Each structure stands twice: as C-alpha cells, then as structure tokens.
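A, B, ... follow the sequence lines: proteins, then strands. Residue 1 opens every chain. Just so it is clear, the values below take in all heavy atoms, side chains as well, and ignore hydrogens, waters and symmetry mates. Keep in mind that this is a model prediction, so the values were computed, not measured.
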Amino acid sequence: MPPKKGSAGKNGSKDSGSQGAGTALVIVESPAKAKTIAGYLGRGYVVESSIGHIRDLPTKAAEIPAKYKGQPWARLGVDVDGDFEPLYVVNTDKKAHVKKLKELMADADELLLATDEDREGEAIAWHLREELKPRIPVRRMVFNEITKDAIQHAANNTRDLNTRLVSAQETRRILDRLYGYEVSPVLWKKVMPKLSAGRVQSVATRLVVERERERMAFTSAEYWDLKAVFDATEAGASDGPATFPATLVSVDGKRIAAGRDFSSQGTIRADRDVRHLDEAAARGLAERLAGAGFAVRSVERKPYRRSPYAPFRTTTLQQEASRKLNLSAKQTMQVAQRLYENGHITYMRTDSTTLSDSAVNAARNQVRRLYGGDYLPDKPRVYAKKVKNAQEAHEAIRPAGESFRTPAETGLSGPEFRLYELIWKRTVASQMKDAVGESVTVRIEGTSTGGEVAEFSASGKVITFHGFLKAYVEGSDDPAADLDDRERRLPAMAEEDPVKAQNLEAEGHSTRPPARYTEATLVKELEEREIGRPSTYASIIGTILDRGYVFKKGTALVPSFLAFAVVQLLERHFGNLVDYEFTARLEDSLDDIARGEAESLPWLRRFYFGGQDSDGNQETGLKELVGDHLSEIDPKEVSSLPLPGTDIVLRVGRYGPYLDRDGVRVNVPEDLAPDELTEAKAEELFAQPSGDRELGADPETGRTIVAKSGRFGPYVTEVIPEPEEAEGGTRGKSKKAKVKPRTSSLLKSMDLDTVTLEDALRLLSLPRVVGQLDGEDVTAQNGRFGPYLKKGTDSRSLETEEQMFTVTLEEAQAIFAQPKQRGRRAAAPPLRELGEDPASGAKMVVKDGRFGPYVTDGDVNASLRKGDEVESITDERAAELLAERRAKAPAKKKAPAKKKAPAKKPAAKKSTTATTATKKATTARRTTAKKTGEPRTDAKKSD
DNA sequence: CAGTGAGCGAGCTTCCGCTTGACTT
C-alpha cells in the first residue's frame, strides 16, 4: 500500500523545486515495484503503478468508438491514409485504474512518471500524460536498479519525456498492427480462418519449420571406429585409475572419419582427408590389432580455465529452468512472478546481466561466508552486455535485497524454492573465482598384424580448483554432453610408456539430424536474432502452440503440416516479412528514429504503400501485397507439399492434412511429425483400410458399392473399375476418361455401420425422374439443404427424405404451383418471452437461431453473449444488447420481422460468390471463393 | 477430401509489448 496521501505532504525528504513541500505522485509500471519504491521515498510521495500499458490500439470492433466505426481504416485502428495516425483507447480492464490515477493526481503537486527506461516504458509514460492530462508539472523519473540510493537519486534528477523514443515505440506498434492485421486475413482466406501472422510469431514458426526441413533433407551416414580400454599398470602409474578408455583416431597417419566429417547428405565433406571405416573394415582391424603391443606416443597437457556464467536474464533463466527443473517457459515465468511479488527476487523480465553495486556486495559477502575468501576474486566481476538490442531497463534476475537470503532462509518450498535456489546459486557463482585445472590428451599407438599403425586418443580433465563450479554448474541441452564440472582422470603416463589393450572392439555410429527446437532453445534462438522481448518469449511459444503451428512431443517443438503451408505462403508471397533480418533492420530503423536521425512517417509509408528502400530498390508495399496481389496467391499451391521423388502431394485441407496421388486421397494423422512422412510411410497410409465398408456388388453394373465417411458426413458410392488401357496409356492420361461414380449421402435414418446394399442401391437410384412438367424433367434428389424437387432451374424443398422416392407427378405439380417457401417450417416458438423494449416499445423475445440464441424486438436482433443465459436473461440486459446492436450496425433496409428460424444448422461451407476487390475472375480467385466460402466483402475498396 | 438448389438475424477471427488480478470452468 502506498502511503496515504493525507499523511504525506509535510516536510518530506523530497525537494521538488519551487513547489516546496507538496506531494508528488510517482507512477511506475508494476505494483510490486511501487510498494518497494514507496518504502525508499517515504513521505511526500505517493507511489502507484500503471500496471503496464494503459492505452493501446483497439483490439476488435467492439472497442472502436462509434465516431470512427464507418472509417475504412477502423479495422486497423490506424488511419493509414491520414499519416498513420493511431487511434488509442483505454484498455477496458484499465478504465477503473486510470480513474484511480486521476483521483490520486488531483491531490498531488507534481507528477513523476517513473516507468521503465526503455522504449515501452517511455511510451507508457507518454500515454499516461496524454490520458491523465495533468495540470501540474510532469517530470520523467528513471532508474535501472531498485536500491534506496538509486531511487532517491532518480527522484531528485528528473528529466523531460523523450518524445523521440515514444515515436520509435509508436512506429513499432503501428508496424506490428499493420503486419498482423493485414496478413492474418490473407491466411483466413487462403488457408483457414482464425490463423495468424505477425513479425515475431511467423519468424518463430519459420525457424521451427526450417529445422524440420533440414531433418527431412537429412541423410544419415554410418561410420565405425574402435574403442579400446587400456591398462597402464606397466607404465608404473601410481595415482589415478589403472585403466582408461580411448578411441581410434587414425590409421597409418590418416584420420578416421567421425560424425563431424559427414555432410547432411551422408557423404564425406569435400574438404576432409579422412578414411571412412565401415563395419567390415573396423572389425577386420580390431582382429588384426588383438594382441598387439601399444605404447604412449605423446602426452599433451594444457591448462584448463573456466569463468562463471553471467547472472540470469529472462532467456537464460528459462533455459536453465527447462534443463534442470523441467519447467516450461510459461511455468518458469509464473513461478518467477510469485517470487518477485513476494520480494524474493528482482524483476524477472529483463535482458540485462548487470548487477547493482549492492547486489555485487551481497553476492561477495555470501561467497566469503559460504565458501571462504579463497573463492572470492579480488575485484567484483562485471558482465558485459550480452544481447545486442538489450534495453537494460532492469538489473539481472537475482535474489532481492541488499543482502541475500540463502534458499533455506526464505522458507520457500516446491518449485518456488527450486527456482529461487537456481537464481541464488547462479548469482553467487557469478562473483566467484574461475575454475582451473588441466586437460590432457594422450596418444597411444600400436601396429596390427597387417602392418597398419593404429593411433588411439584419450583425453582427461582434472579440476584442481573448482572455483564457481562449487556453487553452480550450467546444464546442457544435449544429454550426452559433459557438464563443466565433469572430470576424467587418466593414469599418469609419459611418452614411450607401454600400455596393454584390455579390450578392443569395433563400434558403429550414425550421424544424426539436427535436433528439434525445445521451448528453451527456440527462445534462445529468438533472442540471438533480436526477435521478441523478455516479456513475450513465453507467450510466443503459447501463440504458435495455440494456432496449431507447432505441437509438443516430449519437450521438442514439432511443426505441423499447417505450419509448413503457412510458412510456404509467407515465404513465397511475403518474403520480406519473414526474413530473419527483418526485425534486426526494424530495430536499426527504430534506433534511428529514437536518436532523431530518421522519421517515422516516411518509414511507415514505404512499408505500407511501397517505395524505394535505402538501397534504392523498389519495394512493394504491404497494402498492395494483401490487396491487388492477393489473387496471385493460389491456395491450392500454397497448401501443397510435394513428397520428393514421388507423385504424392501432401495437402493441408480445412479438415487436416491428407495425401493425394492422382485423386486418391488418404488422411494423415494430425500428430505425425513431418520428418516421419517418408515415402514408405505414405505408402503405408495409402494401404491402410480407409474405414470404408464394402456393401456388395450392384447386380446391374457389377460395381462394388461402398459406404464411406466424407466431408459432409456418411455417404455411399460405387467403385469404378480402372479402365483396361491399351499400350501407351498412362495413369495420368486416363484420368479424363474416368466415369464419375454415383454418390449419395445417407438418409438421416441410416447409419454408416448398418446401412445395407439395398439401402445403398435405393440411394444411388437418385436423382429420380418423377415425370415431366412444362416440357422439363422433374427430378427428386438430396442436396445441401435436404431433399428437393428440381425442374430446370426452379426448385422446391421436400418435407421428408422419403418423399424423394414416393412423390408423384401430381404432388410435384402441386408443390411447384406454390411459391417458393421461405423457410421450411413454421416459425419456431420463441424460447422465452420478455417484456417490452424501452427503446422500441416492442415486445422482446428470445429465439433460437442459426448462430445460437438471440433476442429480438421483431426489428433488431442481437445475439446473446458469453455469460448470458436464455433462462436467466433479464429485460434490462436484453434491452442493453439490442441497444448495442442498434448502435453498431448501420441500419438495414431489409424488410423486418422475419419469422422463420430454421432449426437446421447451416452447412459448414457457404458458396456465396463474394465480391472481392479484384476484378478479373481468375482461377485462383474462384478457388479462393470456393475454399473459404466467404471472403470478407471489402466493398469499400475502389480504384 | 462425394456433389448440390433456397435464403437466412451475422460478426468475428488477427498483431506485439507493457503489466496484474478478477473472473469462470
């Protein structure tokens, strides 16, 4: 709790210029920080937090103020035609908080904006000033560490807002909005709805996909060598072990090929002069070396020295928590948040490895107390900035306070204890001495019965002073790798010493494809590429998991086929945007803007409308790419992934991935890792029983009738035998001659498992010609909306499916004599009746519609929202929904008071031919319309 | 991913970065 404003204001420790004794309102970003700082500032200051950003671009239509609703750019929240003026709204969950800040400000004489000293922090400060509209002096207060001295110094050395830095942030924000909100809809249209693209997530997805591509292109190689265990007792070794393992490294002076000598194609790299041993060669050599005498050829000793690791920042904490505590990035951050809020650690979202002076002292004191002065370097260690675009608004992640509590002293337990312990150890170790020791490489030589000179190598490492390793050893992503404190002792040996081979065996190995990313290694990769920020690393993983771009297999991140399709689309049509350098270049530009060496507007114009880049190349703007160029994106093409060396294509459909070979299709399990889809696996999938059920043969045609489950539910069809082709006929060419099989959906009364041949034959007899009317055939059949009669271009629905088989010509004539029925049934009775709408005076009722329950006054309809229940909704709430609906929609001139509410759910796909922006009806576009069903009708676009 | 003729209460999905609770399941 901040000090009560009433108690402050009297001769506090602050001296804020001419105002004299008054109260300053200090606003920081985080409540926990506010609490700490309030303690350091004492009287005269009221410290509150903004809880992050208070304003942002509107997220969705509901947040857009009515006056901007009709604007063509309202969807973006950025007036792209008006100098990219952003539209800011106070986040819904912040409205109450902003009000509170305003109230606090009313009692203050000065406003100190003490948000983080980085791009986002500066912007938060600016938004606060814009939104709070203070009439008291406003100053910017900044600090990089939370210690009493630093805070008091900061309060007395304020500065003005840096509007250039704010401009850089705003540019970043607008770019991300344009990228995300313009490119995502392209994916909705071309791949499937609800997908997303963005500067960060799309590159993250691409990294995972590219790694999988490498794995798919990888060819393993097998290679062999010899493993020996030598006995050095004859060498007179007195200390250390008597035996040691060694590996064959060369024969007759030529090095034996090892894993690193092979390319990803499984061949020896061109620049390697090595001998590749296969199994037979290795076994033969082993036999010829049995019983041979060996001697030490050389002993090479080198000093070993290892410096401690830098204190934690967000990414390294996530990596180590993953390796050692098996926590996901998200879990790590949740646990760290609790530690932070309870005052155990400093802020956990940081890109800095810097420790404050008091933290260094605390660490050094702890070293002295726990390990003794021998482990303490003379001077404090300083860690250089590790991350290129680091903004260093905070310290490293370390135990909080000016003296550290040992884990036991904290009283913590469970994951919080373990994470604290990790942070504590790492921090203490970072102020300890180097580990030192010696590494030794011994070469052993022997001659085979065939006269071959075989050389073995053994290496050892001895740590003579553990230094920081006593406190902390970093984990490894490779479980097979040795950790830093691992020692390998060798017997004491000298040149010419004889040794005896105790055991000598051929050993086979094979090269392995690059490992998949884990959460931790992907985060590491993103940080190295300057993509994402400490506050977002964990959520980036969350986003690509949520979208179905990746899934987890153990700890590995496996890309889905969907991710392959999306990345393929982006690479081919938005190459610039998924370029790995894109963010790095963006950061450079933002730095220029922040320094006042560049302006935001030309930059945004070029990005959105196109123009010459810094190298003089003409760049196509984003607007054109997602507009006029949209028709160039062929959805079928971008969702097709040919299986190399085959005529099989994997396609990503709306219902998941499937394989297609000349029209023969088979589903691919969703959780099949792409690198496991080999030709053999594909054949296996094709060979699998598809779940179809053979019902028997049609007595008239002899064709087999099968029942299948399809996109629109269960149906029956017939198998058309492959036409016997004369020589020269190829499979591809025979396609055209194919007879279309008859198909028919099952009736509602039928079931895939129980449908009989008789049922099927009856279904396949459709459409049934009922007779002739007006010189045209009248047919009865089943369709998208159920059974109907068709006469030329005219049609009428039938009431029951059975009527398809029984309706007579007379009945048909009577049906056609009726006008087209609007709706198939009488109006469904309302689910509930409510009172009168105060706005229209009409009675309100709740009805069940195609999109779920809605309330209507007979004129305006409004869907019930999440949380509204048909049973419990009140008149007030219903009137509110109707009012909102009226406010939102431009009044429709459609005739009101429709009374039909068809109970049937609409088909999954609509075939509305939508008006799209482009004029030419290309094949690509037609496919699009068909595939997505309902492209957005952006009719406002004009040329 | 079988092929097919209505007209209907549509509106929304989505970005990246700052930050926490207050909600419901």
Side-chain angles (χ1 to χ4, degrees), chain A residues 29-32 49-54 56-57 59-62 75-76 91 93-94 97 115-116 118-121 123-124 169 172-173 175-185 187-188 193-202 337 341 349 532-536 539-540 543 547 651 653-656 658-660 663 665-667 708 710-713 715-717 740-745 781-786 788-790 793-797 820-824 847 849-851 854 856 860-863 866-867 885 888-889 892 894 896 898 900-902 906-907 911 934 936:
Chain A
E29 287 181 39
S30 134
S49 70
S50 69
I51 324 180
H53 273 291
I54 56 154
D56 192 13
L57 303 174
T59 307
K60 44 180 193 263
R75 188 180 63 80
L76 294 170
N91 307 4
D93 54 339
K94 293 289 167 57
H97 193 67
T115 48
D116 296 349
D118 57 16
R119 204 157 61 207
E120 296 296 327
I124 293 174
Q169 189 275 349
R172 197 272 316 149
R173 180 69 189 92
L175 166 102
D176 282 333
R177 169 51 64 92
L178 295 176
Y179 185 148
Y181 274 39
E182 290 286 37
V183 180
S184 297
L187 299 181
W188 305 343
K194 299 200 175 183
L195 296 180
S196 62
R199 174 174 57 85
V200 172
Q201 61 169 287
S202 293
Q337 174 84 31
E341 284 172 12
R349 293 184 273 261
R533 300 282 310 138
S535 66
T536 61
S539 61
I540 294 164
T543 301
R547 298 285 173 275
R651 293 206 55 213
R654 323 213 112 208
Y655 311 96
Y658 62 96
L659 297 174
D660 186 326
R665 291 165 171 145
V666 59
N667 281 326
K708 300 172 122 179
R711 192 155 55 112
F712 310 119
Y715 68 104
V716 289
T717 187
K740 264 196 178 176
R742 295 173 297 165
T743 64
S744 172
S745 285
Q781 60 228 281
N782 215 348
R784 183 149 73 105
F785 309 108
Y788 67 104
L789 289 170
K790 182 172 159 182
T793 56
D794 202 5
S795 68
R796 295 288 187 281
S797 284
K820 236 176 207 179
Q821 201 72 46
R822 304 227 141 187
R824 233 178 281 121
K847 291 185 171 182
R850 292 182 294 147
F851 311 113
Y854 65 101
T856 177
V860 176
N861 307 306
S863 284
K866 219 172 155 182
R885 183 74 188 82
K888 213 178 289 181
K892 273 193 166 179
K894 258 278 194 173
K898 282 271 149 51
K900 303 292 142 72
S911 60
E934 181 57 86
R936 297 171 65 79

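At the heavy-atom level, A:Ser184 lies under 4.0 Å from base atoms of the strands shown. Using a 4.0 Å heavy-atom distance criterion, A:Arg742 is classed as making no nucleic acid contact. A:Ser745 comes within contact range of at least one nucleobase, with a heavy-atom separation under 4.0 Å. In this structure, A:Ala123 reaches neither bases nor backbone, as no heavy-atom distance under 4.0 Å exists between it and the strands shown. Backbone-only contact: A:Arg665 has heavy atoms under 4.0 Å from sugar-phosphate atoms and none from a base. Within the 4.0 angstrom heavy-atom criterion, no nucleotide atom of any strand lies near A:Leu175.
Using a 4.5 Å heavy-atom threshold, the side chains of A:Arg796 and A:Tyr788 count as separate. Under the 4.5 Å side-chain criterion, counting only non-hydrogen atoms from C-beta, A:Pro185 is in contact with A:Arg75. No side-chain heavy atom of A:Glu341 sits less than 4.5 Å from a side-chain heavy atom of A:Ser30.
Nearest-nucleotide positions on DNA chain B for A:Ser795 and A:Tyr658 put A:Tyr658 closer to the 5' end. Between A:Gly656 and A:Thr59, the residue whose closest nucleotide on DNA chain B is further toward the 5' end is A:Gly656.
Between A:Tyr181 and B:dT14 there is no side-chain polar atom (N or O) within less than 4.0 angstrom of OP1 or OP2. Between A:Ser797 and B:dA6, a side-chain N or O to OP1/OP2 separation shorter than 4.0 Å is absent. Applying the 4.0 Å criterion to OP1 and OP2 of B:dC16, one finds that A:Gln201 has a side-chain N or O inside that range.
Rounded to an integer number of Å, the gap from CG of A:Leu178 to P of B:dC15 is 14 Å. Per the geometry, CZ belonging to A:Arg75 stands 9 Å off C1' belonging to B:dT14, to the nearest Å. Between the OH atom of A:Tyr179 and the P atom of B:dC16 there is a distance of 8 Å, rounded to whole Å. The CG atom of A:Leu789 sits 18 Å away from the P atom of B:dT4 (whole-angstrom rounding). Rounded to an integer number of Å, the gap from CG of A:Asp794 to P of B:dT4 is 18 Å.
Residues passing the side chain to side chain contact (heavy atoms under 4.5 Å, CB included) test with A:Ser539 are A:Thr536, sequence neighbours excluded. Scanning for side-chain hydrogen bond (donor to acceptor under 3.5 Å, both in side chains) contacts around A:Gln201 gives A:Ser196, with sequence neighbours left out. Take A:Asn782 and apply the side chain to side chain contact (heavy atoms under 4.5 Å, CB included) test, not counting sequence neighbours, and it matches A:Leu747, A:Pro787, A:Glu801, A:Met804. Under the side-chain hydrogen bond (donor to acceptor under 3.5 Å, both in side chains) criterion, A:Ser202 pairs with no residue at all, not counting sequence neighbours.
Per the stacking criterion (ring centres < 5.5 Å, plane angle < 30°), A:Trp188 stacks onto the base of B:dT13.
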Exercise. At under 4.0 Å between heavy atoms, which parts of nucleotides 17-22 of chain B does protein reach? Answer with one letter per nucleotide, 5' to 3': B base, S sugar-phosphate only, - none.
Key: BBBS--
Quiz item: According to the Watson-Crick and G-U wobble definition with distances under 3.5 Å, which dot-bracket string, read 5' to 3', encodes DNA chain B, using [ ] for crossing pairs and | for pairs with another strand?
Solution: .........................
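Scanning atom types as modelled, no donor and acceptor separated by under 3.5 angstrom connect the side chain of A:Ser744 and the base of B:dA2.
No salt bridge links A:Arg173 with A:Glu120; every basic N to acidic carboxylate O contact stays at or beyond 4.0 Å.
Closest contact between the side chain of A:Pro193 and the listed nucleotides B:dT14, B:dT13, B:dG9 involves B:dT13.
Nearest heavy atoms, A:Leu187 versus A:Ala197: CD1-CB, 3.9 Å. Listed here is the closest heavy atom pair of A:Val200 and A:Gly532: CG2-N, 4.0 Å.
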